[in-house]
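Below are the structure tokens for one structure; questions will follow.
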Amino acid sequence: MAVNVFASATEGGNTAVLLGSSGVAATIDCPDLSERLTTVPQAARPEVDTELARLDQQIATAYGQLQEAARGADDGELDEAAVLDPLERERAATIERIVAAVDKAGDRPEGLDAEAACALRRTEATTAGAESGGPEQGQRQDGKEQEAGNGDDADGTGQDAGGQRPPGNGGQAGNGPVAGDYAAIESVRPNAVEAPRRDGASNGSFATSCGVNAEGLFNSDNLIAAPGVGNGAHHFHDYVGNQDNDAFSSDEDLAAADTSCADRGDKSSYYWPVLRLQNGTVEQDAQSPGGGIEGNAGEIVTPAEVTLTFEGNERGKVTEMPRLLRIITGDAKAFVNGDANANASWSCTGFEDRQLKDKYPLCPSGSDVVRTFTFQSCWDGRNIDSANHRTHVAFAAADGSCPDGFRPIPRLLQRIVYDVDAPSLQDGGKTVPLFAVDSFPEQLHKPVTDHSDFINVFDEDLMREMVDCINTGRTCGAGASPGPGQGGDPGEGAGEAPQEQPTGDPGANPGDPGANPGDDATDEPTEKPIEEPTGAAPAEEPTGAAQQGSGAPEDDARQTETASPSAEPRAATTPAGVADDRSAAEAAPGAEGDAGAREDVAAGAAGQPRVPQGGLAETGSGLGLWPAAVGGVLFAGGCVLLVRSRRHAR
């Protein structure tokens, strides 16, 4: 089978890999086996995890082949079978191994062989005037001046053979985002609804302060969805909280690790895909799996604020989370899976009564981009994880009720704020760069694929304190203050009043998998422990292109979180057995083995080179201490002079 392809590089830009007629591009669409593998015997999970991760690698490779084939399609045609047939054969062999592993430990799954075939998925492409996210001439790339047209290759190196951007689906790496992925927040009708609360509801909140990852702890692993597999996520994550979080971390490693949280009793792991500016910057992961070579290119933006708040239930008391509970919210493959589990939402400060799910927000001047994640708050009372990482937890209904057999637990609400400007869509982000989250390469950086992960490593005493606080209607926790932009350690100011509320409810209803608030806007379809942060040293200014809209907040804001708004979010019911954040299942706690074994595995797991962690974004923290030291000396000298002058006057 052959499909028509139009691929042309234009001066200072490119058009998309077009199939058939203008305006339609392609990506690889394969069934997600986690939708079927809702029950996997414990003994089979490690092998199944490895094979599911292999399926993801096969898709990523096929997508790269699709891009390469389009670049070489001088005759205007692409042999679709040359990409899809080898992929189907590889998937069939992998699925056979999965079936055999499950059959050996339990009941043989039926019908999985039908999941081997994939297709080319037609989707929106870039259009004239919004062709790429590359920088203008004179912007800086990795500390050097670059010419317009260099910095948008598929491997993230910033160059291609002809000095022009390759064909692709938009963005710096040729796989998104595109202009249609954005919507002006002011065009969205208010859609956030606060759920009513009954008498006896648990109205308190507990905030934990864990920084904004200004230290630059990144990797492309996913301990929940792909344990023991390097580069299991195929995209990079920001990590706050636990500082020993990679694919090879055991439960014992997590418990013994350092934490970035102000309250040392919180060693939980909180992680989500990084946000990048598509400005031509070549990050240190440009040649790494999960980074530039898989289409995740551009400047990683440090959040201006990260708020982590645990809230109560609309109709009754909550119970303690079990230690090492894993929860994933959102779906990293929602672009091809559909949006049933796509519950992350996007908005702007001052407009948080308006939430988007399938669009990035275009915020007006003075307003910042906000990502909100609402986590499942009903637990089955038995399991800390499940085969597809979803069925052991569920969303509460709007009235707070949990499914039969489930009990309410504290609801984690994450609010992440970025100081980035609305991109200039009319010139494809050349004047003001496009921004987008990291994604699996074939997911094209769509906002609907946003997701977040949580592993509960709270000290049991602190967890009891949290639950008591929530159930008695109090506001507690080291993250209850300070307000936005205030300096000092993240834990400073505990006990002060929370920040003034922004307009609307930032968490209301983002978890509703059946709602798509973006429909109001458009008619388009839809590494190891590191030094603990001191809270004093500012992060180094980002290198790369235009500072306007670079996402670099003030130094004090980079070290500080803010209190969560007190408005209670509305959660929604999620059906059991739905797709996971990516195709993999969690291994049994402790199955990863000791630390020595981890290093051996890291060297060769799945044939993936390892990316050094904690070093992708230099912070300059050592240099950042000098201004404070000099200031302290000058202050002391001034005090001595003042005392001497007063004595002399007497």
Lys/Arg N to Asp/Glu carboxylate O, D251 vs R326, below 4.0 Å |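 Salt bridge between D251 and R326, a charged N being under 4.0 Å from a carboxylate O: yes.
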Please identify each residue that fulfils side chain to side chain donor-acceptor pair (under 3.5 Å) with R371, with sequence neighbours left out.
->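 Listed in chain order: Y418, D450.
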Between the side chain of T349 and the main-chain N/O of D368, is any donor-acceptor distance below 3.5 Å?
->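 Looks like yes, one N/O pair under 3.5 Å.
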Whether F454 and F375 hold their rings parallel, tilted or perpendicular, with breakpoints at 30° and 60° =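 Ring orientation of F454 relative to F375: perpendicular.
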Side chain of S260, backbone of G211: donor and acceptor closer than 3.5 Å?
->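 It does not hold such a pair.
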Check each of C378, P410, S401, S202 against N313 using the side-chain contact (heavy atoms from CB on, under 4.5 Å) test, and report the only one that passes.
->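 For N313, the side-chain contact (heavy atoms from CB on, under 4.5 Å) test succeeds with only one of C378, P410, S401, S202, which is S202.
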Expected output: side-chain S34 to main-chain N388 donor-acceptor under 3.5 Å |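 It does not hold such a pair.
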Got a salt bridge between D113 and R91, using NZ or NE/NH1/NH2 to carboxylate O under 4.0 Å?
->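 Not counted as a salt bridge, because no side-chain N and carboxylate O are separated by less than 4.0 Å.
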Is there a donor-acceptor contact under 3.5 Å from the side chain of Q376 to the main chain of H392?
->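 Between the backbone of H392 and the side chain of Q376 there is no qualifying donor-acceptor contact (under 3.5 Å).
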What are the two closest heavy atoms between A225 and P227, and how far apart are they?
->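 Nearest pair, atom of A225 first, then P227: C-CD, 3.6 Å.
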For E115, salt bridge (charged side-chain N to carboxylate O under 4.0 Å, His left out) partners two or more places apart =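 Salt bridge (charged side-chain N to carboxylate O under 4.0 Å, His left out) list for E115, sorted by chain: R36.
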Between K359 and G180, is there a donor-acceptor pair closer than 3.5 Å when you use the side chain of the first and the backbone of the second?
->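 Indeed, once roles are kept as given, a pair shorter than 3.5 Å links the two residues.
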Can the ring centroids of Y360 and F435 be said to lie less than 6.0 angstrom from one another?
->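 Yes - the distance between ring centres of Y360 and F435 falls below the 6.0 Å cut-off.
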Of the options H451, H445, H235, which is the one that meets F440 in a ring-ring contact (aromatic ring centres under 6.0 Å, His included)?
->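 Among H451, H445, H235, the one that satisfies the ring-ring contact (aromatic ring centres under 6.0 Å, His included) with F440 is H235.
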Who passes salt bridge (charged side-chain N to carboxylate O under 4.0 Å, His left out) against R323, sequence neighbours left out?
->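 Applying salt bridge (charged side-chain N to carboxylate O under 4.0 Å, His left out) to R323 gives none.
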For D468, check salt bridge (charged side-chain N to carboxylate O under 4.0 Å, His left out) against everything at least two apart and list the hits.
->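 With sequence neighbours excluded, D468 shows a salt bridge (charged side-chain N to carboxylate O under 4.0 Å, His left out) to R474, given in chain and number order.
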Applying the side-chain contact (heavy atoms from CB on, under 4.5 Å) test to L52, which of V48, D56, T50 qualifies?
->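 Answer to the side-chain contact (heavy atoms from CB on, under 4.5 Å) test with L52 among V48, D56, T50: V48.
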Got a donor-acceptor contact below 3.5 angstrom from the D221 side chain to the L223 backbone?
->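 Checking the backbone N and O of L223 against the side chain of D221, no donor-acceptor pair under 3.5 Å is found.
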Is a salt bridge present between R415 and E305, judged by a nitrogen-to-oxygen distance below 4.0 Å?
->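 Looking at R415 and E305, the cut-off is met.
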Does L254 offer a backbone N or O that forms a donor-acceptor pair with the side chain of N242 under 3.5 Å?
->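 A pair under 3.5 Å: yes.
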Answer yes if the ring centres of F310 and F458 are under 6.0 angstrom apart, and no otherwise.
->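 They qualify: ring centres under 6.0 Å apart.
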Taking side chain to side chain donor-acceptor pair (under 3.5 Å) as the test, write out the residues that go with N383, two or more places apart.
->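 In terms of side chain to side chain donor-acceptor pair (under 3.5 Å), with neighbours along the sequence ignored, N383 is linked to D380.
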Under 3.5 Å donor-acceptor, N296 side chain and S439 backbone |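 Yes; at least one donor-acceptor contact below 3.5 Å.
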Under the salt bridge (charged side-chain N to carboxylate O under 4.0 Å, His left out) rule, collect the residues that match up with D107, sequence neighbours excluded.
->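 Testing D107 for salt bridge (charged side-chain N to carboxylate O under 4.0 Å, His left out), a comparison that skips the adjacent residues, returns none.
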Is a salt bridge present between K446 and D358, judged by a nitrogen-to-oxygen distance below 4.0 Å?
->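 Between D358 and K446 there is no salt bridge, as every charged N stays at least 4.0 Å from the carboxylate O atoms.
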